[in-house]
Amino acid sequence: MSDLANLEARFGAGNYAPLPVTVVRGEGIYLWDDRGRRYMDMMGAYSAVSFGHCHPRLVAALTAQAQRLDTISRAYFSDRLGPFLAKACALTGMDAALPMNSGAEAVETALKAARKWAYKVKGVPADRAEIIVADGNFHGRTIAITGFSTVPQYRDGFGPFPPGFRSVPFGNIAALAAAITPHTAAFLIEPIQGEGGINVPPEGYLAEAARICRTNDVLLLCDEIQTGLGRTGKLLACQHDGVEPDGLMLGKALGGGLLPVSLFLARHEVMRVFAPGDHGSTFGGNPIAAAVGLAALDTLIDEHLVERAASTGAYLLRRLSALDNPVIREVRGRGLFAGIELHRSMASSGEVVGRLLQAGVLTKDTHRNTIRLAPPLTIDESQIDWAIDRLAEVLGDVVSPVMETATAGEAIAPNA
Ligand SMILES: *Cc1c(COP(=O)(O)O)cnc(C)c1O
């Protein structure tokens with residue numbers, strides 16, 4: 001490990017296990033390490049860097065705003081917040097937006113809104129509201145949110161957790177319908193599960209879930225923190241199913257890779273439950289965050305990144321599906337959001353990610369032995385070709401020794 005990596009490991013809390021690379025510079029889809037080596041960023045900071053690193057227009061918005069007005073808190077109006085919220089509502093078709101910073105805070109905001117809506121509007125008896133979530137969900141790391149995670153590690157040692165949540169199998173409509181009671185406030189769902197393994201639900205699942213929610217007076221809350229803002233080839237992933245949620249969470253790419261900026265957006269009927277003092281955030285919607293968020297939304301539209309992601313994303317998935325290697329169990333995804341699940345008995349996704357790093361491609365594995373790809377939406381087809389060629393080589397290296405032992409009775413060490 002380099003000195004810098006040692007320093008981070010020594011004085012950090014150890015809650016991450018970074019790959020052995022120290023990144024010092026970024027531009028577009030590329031990152032450079034402390035030895036000057038260039039890598040293609042196929043992970044895009046878990047989808048927070050949709051515009052590419054250090055996008056000039058976003059950096060200009062950030063620096064111009066930082067030189068004019070910084071944080072004033074929400075105790076006063078600013079000339080930046082209104083235009084940002086108006087733009088976000090216009091693009092998503094929502095009535096109102098509440099700005100926070102991290103994605104987890106936007107989800108917490110959605111949970112609070114749903115509960116209060118249940119008591120004030122739906123008429124659920126005090127403290128009885130229930131929120132339904134899906135197995136394999138990832139909505140952030142707060143105590144409430146990890147409390148309804150189905151990943152044992154996320155919960156282990158952090159209890160007790162707040163009650164009022166129940167989890168149903170992802171993609172299973174009958175299970176959702178059966179879980180709804182008169183006390184159900186909301187169904188919280190990722191249209192495609194990101195951290196859970198790039199899990200795409202069966203065709204029509206979200207539309208049917210929306211119909212069941214409407215019939216039962218249950219709010220549909222879509223967490224599009226990872227899938228939103230063009231990632232899947234539509235502005236929102238729920239638009240693939242023609243679904244208009246009652247509440248929507250955005251984050252990650254909304255900050256342009258420069259700042260944490262998140263939003264909870266909703267219909268009037270839901271957002272109206274908040275009165276002054278009910279909820280807030282010191283930095284949420286500060287002038288710099290609002291300026292960057294607005295510039296990010298404008299850039300998304302002006303550079304046609306949603307349409308680009310639709311076509312380059314289809315190309316990416318075609319190339320992945322054409323990879324002919326027995327180590328691949330399944331390719332999943334939509335747009336520029338893809339997961340390559342490997343047969344557990346044949347290769348570990350973590351090992352492949354390590355070899356990809358050696359080959360100059362940065363990515364990260366996630367649950368279900370899956371390699372995740374979420375490159376900046378600015379990537380082009382020749383760059384995709386280069387990354388997928390490296391992936392094909394690495395997968396060939398991990399699998400060929402086993403195959404050749406079986407056929408030729410002779411093992412060849414990878415990279416020997
Ligand atoms: C990343 C993520 C979050 C949490 O966002 P943070 O900014 O890390 O708090 C919530 N929901 C989804 C779907 C995510 O991918």
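Every number for a ligand or one of its atoms is a count from 1 in the order of the listing. Side-chain atoms are counted along with the backbone in the values below, which use heavy atoms only and exclude waters and symmetry mates. Nothing here was measured: the structure is a model prediction, and the numbers come from that model.
Using a 4.0 Å heavy-atom cutoff, F138 is listed among the residues neighbouring ligand 1.
Here is the list of ligand 1 atoms found below 4.0 Å of a heavy atom in D223: 10 (C), 11 (N), 12 (C), 13 (C). Near S102, meaning under 4.0 Å from any of its heavy atoms, are these atoms of ligand 1: 7 (O), 9 (O). In summary, the atoms of ligand 1 found under 4.0 Å from a heavy atom of I225, numbered by their order in the structure, are 2 (C), 3 (C), 10 (C), 11 (N), 12 (C), 14 (C).
No donor-acceptor contact under 3.5 angstrom links the side chains of N286 and R80, judged on distance only. Side-chain polar atoms of D385 and Y315 form a donor-acceptor pair below 3.5 angstrom. A donor-acceptor contact closer than 3.5 angstrom links the side chains of T181 and E130.
Within a 4.0 Å radius of atom 11 (N) of ligand 1, the protein contributes one or more non-hydrogen atoms.
The protein atom (non-hydrogen) at minimum distance from atom 9 (O) of ligand 1 is A104 N, 2.8 Å.
Considering backbone and side-chain atoms together, G103 places an N or O closer than 3.5 Å to an N or O of ligand 1. The shortest N/O to N/O separation between K252 and ligand 1 falls below 3.5 Å.
Between K87 and D298, at least one side-chain N (NZ, or NE/NH1/NH2) sits under 4.0 Å from a carboxylate O, which counts as a salt bridge.
Looking at every heavy atom in both residues, T370 comes nearest to G339 through CG2-CA, 3.6 Å.
The aromatic rings of Y154 and F138 sit perpendicular to each other, their planes meeting at more than 60°, with 30° as the lower class boundary.
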